[in-house]
Protein chains: 2
Amino acid sequence: MIDGSNEMTQQRETGTLGKLMVLLDLVTHADRPLRFTDILAAGEQPRGTLHRQLGHLVEEGLLEIDGDGRYSPGLRLLELASRSWARNEFRLIAEPHLNALQQLTGETVHLGVLRGASVIYLDKVEGRQPVRMYSQIGNASPVYCTGVGKAALSVLPDERLNALIAEVAFQRFTPNTRTAEMLLAEMEEIRSTGAAFDREEHEVGIRCVAAPIWSEDLSFVGGVSVTGPAYRLTMERLNEWADPVRQTAARIMSGMRSGLGPRR
Amino acid sequence: MIDGSNEMTQQRETGTLGKLMVLLDLVTHADRPLRFTDILAAGEQPRGTLHRQLGHLVEEGLLEIDGDGRYSPGLRLLELASRSWARNEFRLIAEPHLNALQQLTGETVHLGVLRGASVIYLDKVEGRQPVRMYSQIGNASPVYCTGVGKAALSVLPDERLNALIAEVAFQRFTPNTRTAEMLLAEMEEIRSTGAAFDREEHEVGIRCVAAPIWSEDLSFVGGVSVTGPAYRLTMERLNEWADPVRQTAARIMSGMRSGLGPRR
DNA sequence: GGCAGAAGTTCCATTATGTGGAACCGAATT
DNA sequence: AATTCGGTTCCACATAATGGAACTTCTGCC
């Protein structure tokens, strides 16, 4: 595995499971239930094979099929994830600190983890909003345009950083979205200050300040952030909050070391 | 497949996937990260086999392994579930009605679906409390001691009802928890009134009233409920709310029929 | 420090499982 | 009645999973 050029060598090394996961991804990523033919057309597998594979996934509850033969994600996924979330050590350690940060700032606080080239949100604490919106938890967002993502990148060694950036397709979400070059340039600043800003780079009108969280061996990299509407979160305000955010990150890391965190 | 006695015939019919799911379940159900040996001791597979299987699951992100070689559920599960939840048709249809019911009662409203002998909570709307998403969502509870569960059972044909009850191991959570016989006896009442009560049967001090929701072909069975502390939810209060709960269920069903629901 | 035992990893001949082309079915469509 | 389309079933074949055993790496423990 320590062959310098690890380019795209890792394609499909999980045998049967890999093929099934491709299907699962296909169905969960679709914005509507898919018919057998739709999936067949995706070209992954021949008819007979596909039919059996889908059958197995349905049997296990990972997919569901309705009367019209349309496939959607199954409840089993929720069940598995629920447990996975409830018992996640990192999240449990972070929870009280996130709450404290929310109280202090009054804005929404996020906890995220780097996974491949995406940030997965592990937790979210909002104020008293009566209206609950899209939960966000479990949601995967691109690294390069989220505070947590940029913060996480900043602690990676150059080698891993470059490898990761190389495999990302940069998409322009707002006029402020970073390109690969801009992102790399920004790393220096983030490394020295220990805080990353999202200046409406993912969504117009949304700003955020984030700090990285990482395990010693970098097997684990993530971050914590405060997010809010630009009209409330002026840049001065964001700067003010950089410090509490960094402190929160520091406390979580200290909890990980002393606690049950991913240690060696 | 149409062999009248479909008893326990369905064991392990999903080949390789089935074996992997057993492992996934094992790890997600454990209350701590498991070592290789722990899983080996569960006796499912011989060493070599198990090693490769775990490797594949880790590779796909369904499991994670820390520096100490301890396995826990992976982030990929959250990612998959998040999408599955966000786009769930049934949940989307129900959402506004759940909110309305919450407003009306001021108590916590749940939306659940029957899956095997468990109720999986699909959504939860609480009052002003900072919403902890996933606190309950995806959670699997026994059918026989939750309002939603009992409501759901009441719309099943006797045959399916009996089969289901036969395979459940009844556990006594509180002095009020129903036995199989009591549950069956109660069905008559629930069927005629269209409402099911949980009179502190799952947790002491918690009551709830629920109404069933089902698709015509019964491919889908669930329910909606209002839950709260016994001191606020007196039995008279619960009776008062039976009607709005039934109405909410009716509205959701009507939404399913006209909307994109699981129709034929 | 070195030894013993346990925990974890790798190997590879065997075989069970998944594969996929082709035939089949049934319900819409013309 | 004939045709197409979406879905399901079948079965000889190839591939991927299996699992026993050998090997390596970690842990104390003396």
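Proteins get letters first, then strands, A, B, ... in listed order; numbering begins at 1 in each.
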> Rounded to the nearest Å, what distance is computed from the CG atom of residue A:Leu54 to the P atom of nucleotide D:dT8?
Replying inline: 9 Å
Within the sub-3.5 Å range, which N or O atoms of nucleotides 11-19 of chain D have a protein N or O partner, and how far apart are they?
from: D:dA16; atom 1: O3'; to: A:Thr16; atom 2: OG1; distance (Å): 3.4
from: D:dA17; atom 1: OP1; to: A:Thr16; atom 2: N; distance (Å): 2.9
from: D:dA17; atom 1: OP1; to: A:Thr16; atom 2: OG1; distance (Å): 3.0
from: D:dT18; atom 1: OP1; to: B:Lys19; atom 2: NZ; distance (Å): 3.4
from: D:dT18; atom 1: OP2; to: B:Arg52; atom 2: NH1; distance (Å): 3.2
from: D:dT18; atom 1: OP2; to: B:Arg52; atom 2: NH2; distance (Å): 2.5
from: D:dT18; atom 1: OP2; to: B:Gln53; atom 2: NE2; distance (Å): 3.3
from: D:dG19; atom 1: N7; to: B:Thr49; atom 2: OG1; distance (Å): 3.4

> Ignoring hydrogens and geometry, is there a side-chain-to-backbone donor-acceptor pair from A:Glu79 to B:Ala140 under 3.5 Å?
Replying inline: no
> Just to confirm, is there a sub-4.0 Å distance from OP1 or OP2 of D:dG6 to any side-chain nitrogen or oxygen of A:Arg35?
Replying inline: no
> How many Å lie between CD on A:Glu59 and C1' on C:dT17, as a whole number?
Replying inline: 16 Å
> Under the side chain to side chain contact (heavy atoms under 4.5 Å, CB included) criterion, do A:His51 and A:Arg47 qualify, and how do the steps go?
Replying inline: CA-CA 6 Å; A:His51 188 256; A:Arg47 296 160 84 87; over 6 Å; no
> What is the distance, rounded to the nearest whole Å, between atom CZ of B:Arg70 and atom P of C:dG8?
Replying inline: 12 Å
>> Using whole Å, what does the distance between atom P of nucleotide C:dT19 and atom CD of A:Glu44 come to?
In response: 12 Å
> Between A:Asn88 and A:Trp85, is there a donor-acceptor pair closer than 3.5 Å when you use the side chain of the first and the backbone of the second?
Replying inline: no
>> Looking at A:Arg32 and A:Asp68, is any side-chain nitrogen of the basic one under 4.0 Å from a carboxylate oxygen of the acidic one?
In response: no
> When you check the phosphate oxygens OP1 and OP2 of D:dG7, does a side-chain N or O of A:Thr37 lie under 4.0 Å from one of them?
Replying inline: yes
>> If I take atom CG in residue A:Leu20 and atom C1' in nucleotide C:dT19, what distance separates them, rounded to the nearest angstrom?
In response: 13 Å
> Could you walk me through whether A:Glu59 and B:Thr14 pass the side-chain hydrogen bond (donor to acceptor under 3.5 Å, both in side chains) check?
Replying inline: CA-CA 7 Å; A:Glu59 185 102 7; B:Thr14 46; over 6 Å; no
>> Taking 4.0 Å as the cut-off, does a side-chain nitrogen or oxygen of A:His51 come that near to OP1 or OP2 on D:dG7?
In response: no
>> Report for the helix from C:dG1-D:dC30 to C:dT30-D:dA1: angle between first-end and last-end helix axes, five pairs each, rounded to 10 degrees.
In response: 40°
> Is the closest side-chain heavy-atom distance between B:Leu111 and B:Val148 below 4.5 Å?
Replying inline: no
>> Without decimals, in angstroms, what is the distance between A:Phe36 CZ and C:dG26 C1'?
In response: 15 Å
> Relative to each other, are the rings of A:His110 and A:Tyr121 parallel, tilted or perpendicular (30° and 60° limits)?
Replying inline: tilted
> For the pair made of OH in A:Tyr71 and P in D:dG6, what is the distance, rounded to whole Å?
Replying inline: 14 Å
>> Would you compute the distance between atom CG of B:Leu153 and atom CE of B:Met187 and round it to the nearest 0.5 angstrom?
In response: 4.5 Å
> In whole Å, what is the span from the CG atom of B:Leu50 to the C1' atom of C:dT10?
Replying inline: 14 Å
> Below 4.5 Å, heavy atoms only, C-beta onward: do A:Leu92 and A:Glu89 meet side chain to side chain?
Replying inline: no
